[in-house]
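Down below is the structure, laid out as structure tokens.
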Amino acid sequence: MSSSLSHVRPLTCASSLSRIAPHPHDLIKWVTREGGFVHRAVKIAQFDSSNGLGLVAKEQIPIGTDLIILPQHIPLHFTSHDSDSLLLQLSSNVPDELWAMKLGLKLLHERAKLGSFWWPYISNLPQTYTLPIFFPGEDIKNLQYAPILHQVNKRCRFLLDFEQQVKRALVGLTPDKHPFGGQEVDASSLGWAMSAVSSRAFKLHGNKQSNGIDFDIPMMLPLIDMCNHSFNPNARIVQEQETGSTKIRVKVVAEKVIKEDDPLLLCYGCLSNDLFLLDYGFMIQSNPYDCIELKYDGALLDAASMAAGVSSPNFSTPAPWQQLILSQLNLAGESPNLKVSLGGQEIIEGRLLAALRVLLASDMETVQKHDLNTLKSLDAEAPLGVANDIAVFRTLIALCVIALEHFPTKLVDDETLLKQGASGSTELAIQFRIQKKSVIIDVMRNLSRKVKLLSSKETVTAEG
């Protein structure tokens, strides 16, 4: 397994390994005492290289083995019928995209509650997280990438606004009615709770509704959430109905033979580094799912095509038939989605590729012979002719050059800074922007190879 495709979940963002309680409970004993199952070969281990905790095999484990089983009452989740009414009221003010804050309210409630069932689990949680909402201002700037800066600022603004809403809701409450045991709740504690959830929760099925439909709910899974991430996991999460009951239990099962001293690894999802950093506080080098986000902009594409020496660019003023196709691609019209991406599995987002092929084509009839799916596919070799694809790829290479120029530092400068010994959030920020620039450079290399191949075909055709 390539080390670049796996990551140990960091325990803290400081060098000290502080947890919520100075002497946290033994999680394995707690899970088994509460009716769960933990395989005898599973142990909690310290990963020295990353200051993180994870699960490791004490002996070889065969494929298909149940590693951990949690009965339904052990996962921590937020449901309307078992939650404090004030928590429900506060959670209704949380936007869906920040779902982790809803469950975060329940986590804070249980953290403050004396004798909480989940205290043995909560006592093991880190006191601090490496997520960008906790970066110093300078290191947020050091990320240098507009889409993630926008998300970090949006989350920070939300936490500051939500702090005020929570404080207003708690005014004058007696301790017995106070959902947080009379303790003050501020943006920092809300941020801690949101980070604890986003970096540890899994979205799983709840109980089936009366109409038989499942719905996904985020759950914190004690012990299971100590499995680290890999795109090549050796274990997976399975949900199954308990025998003779409607209750659902959560299991981790070995996907392959796990050797002695191997970590237990789950795949958290095929995510970009933006999401890994925002929600988990780490990112993955050479992440095959990483991409960069751009805004579809006619003037920018005109500039790119001119820089590429592509004649007659008309991105800003498409013909009516071209405009119609742009609307079908949702890149024009009343409420278009102008976010497009480069990199990842597609290399070029299909909508962007189709738009460029259409806008660099002069013959409406040739374009109309092809369906949109063909025009969106990089595998469809030169559907509108070799010259058209060469012009498209050259324009995209120039667009990549412009995108690189938007970063205040060059890749070589970043690598020098890392060698000089940046640490903590500064190191994370520099590594993040290195990965973003690497995505752009990889796209350029890939497209340059395609141009070379197409040019040789064009030459052969011309000579033929």
Side-chain angles (χ1 to χ4, degrees), residues 1-11 38-39 41-45 47 49-50 52-57 60-70 75-77 99-100 103 129-131 195-206 214 216-240 248-259 261-291 341 343-347 428 431-432 435 438-439:
M1 187 193 69
S2 162
S3 62
S4 68
L5 296 184
S6 64
H7 194 95
V8 170
R9 190 198 296 280
L11 185 65
V38 183
H39 192 279
V42 172
K43 69 170 182 179
I44 297 172
F47 291 88
S49 60
S50 64
L53 291 182
L55 300 180
V56 169
Q60 183 162 301
I61 302 173
I63 186 170
T65 303
D66 288 345
L67 303 170
I68 303 168
I69 304 175
L70 300 182
L76 174 64
H77 51 87
W99 57 269
L103 181 49
Y129 287 94
T130 57
L131 277 63
S195 302
V197 172
S198 76
S199 64
R200 303 182 86 88
F202 296 84
K203 284 191 172 179
L204 301 176
H205 298 312
D214 286 324
D216 285 351
I217 53 174
M219 301 184 192
M220 297 187 82
L221 304 178
L223 201 60
I224 291 176
D225 63 12
M226 296 179 89
C227 293
N228 290 305
H229 164 78
S230 173
F231 289 129
N232 300 306
N234 56 20
R236 68 190 170 100
I237 291 180
V238 176
Q239 284 181 275
E240 63 179 26
I248 306 283
R249 60 186 184 183
V250 183
K251 296 180 8 174
V252 174
V253 180
E255 280 265 75
K256 49 183 85 167
V257 174
I258 302 173
K259 294 177 185 160
D261 294 330
D262 276 0
L264 271 51
L265 300 167
L266 295 169
C267 179
Y268 296 175
C270 300
L271 307 175
S272 70
N273 276 343
D274 304 46
L275 289 173
F276 276 127
L277 189 59
L278 281 166
D279 287 343
Y280 295 93
F282 65 77
M283 28 119 259
I284 288 172
Q285 295 191 354
S286 308
N287 179 350
Y289 303 98
D290 201 18
C291 57
S341 63
Q345 298 294 284
E346 277 190 300
I347 304 172
L428 260 178
Q431 284 176 338
F432 175 83
Q435 292 308 311
S438 301
V439 168

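One-based numbering along the sequence shown.
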How long is the straight-line distance from [atom2] of [Y] back to [atom1] of [X], given to the nearest 0.5 Å?
| X | Y | atom1 | atom2 | answer |
| --- | --- | --- | --- | --- |
| C270 | Y289 | SG | OH | 3.5 Å |
| M283 | L275 | CE | CG | 14.0 Å |
| R249 | E240 | CZ | CD | 4.0 Å |
| I68 | I237 | CD1 | CD1 | 9.0 Å |
| M219 | I248 | CE | CD1 | 8.5 Å |
| L265 | R236 | CG | CZ | 15.5 Å |

Trace of the side chain to side chain contact (heavy atoms under 4.5 Å, CB included) decision for T130 with F282: CA-CA 7 Å; T130 57; F282 65 77; 5.7 Å; no
Where do [X] and [Y] come nearest, in terms of heavy atoms and distance?
| X | Y | answer |
| --- | --- | --- |
| L131 | D279 | CD2-O, 3.8 Å |
| P222 | L70 | O-CD1, 3.5 Å |
| A235 | V252 | CB-CG1, 3.7 Å |
| C267 | P233 | N-CB, 3.7 Å |
| G344 | C291 | N-CB, 4.0 Å |
| N228 | G54 | ND2-CA, 3.7 Å |

Check whether [X] reaches the backbone of [Y] with its side chain - one donor and one acceptor, N or O, closer than 3.5 Å.
| X | Y | value |
| --- | --- | --- |
| Q345 | P288 | yes |
| D290 | G343 | no |
| Q239 | K251 | no |

Do [X] and [Y] have side-chain heavy atoms sitting under 4.5 Å apart?
| X | Y | value |
| --- | --- | --- |
| Y129 | R200 | yes |
| T65 | V253 | no |
| F202 | M220 | no |
| V56 | L264 | no |
| I44 | L223 | yes |
| H77 | P218 | no |
| W99 | V197 | yes |
| I61 | D262 | no |

Verdict with supporting geometry, L221 and L204, side chain to side chain contact (heavy atoms under 4.5 Å, CB included): CA-CA 10 Å; L221 304 178; L204 301 176; 3.8 Å; yes
Parallel, tilted or perpendicular: ring planes of F276 versus Y280, cut at 30 and 60 degrees: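 Rings of F276 and Y280: tilted, as their planes differ by 30° to 60°.
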Derivation of the side chain to side chain contact (heavy atoms under 4.5 Å, CB included) call for I69 and V250: CA-CA 6 Å; I69 304 175; V250 183; over 6 Å; no
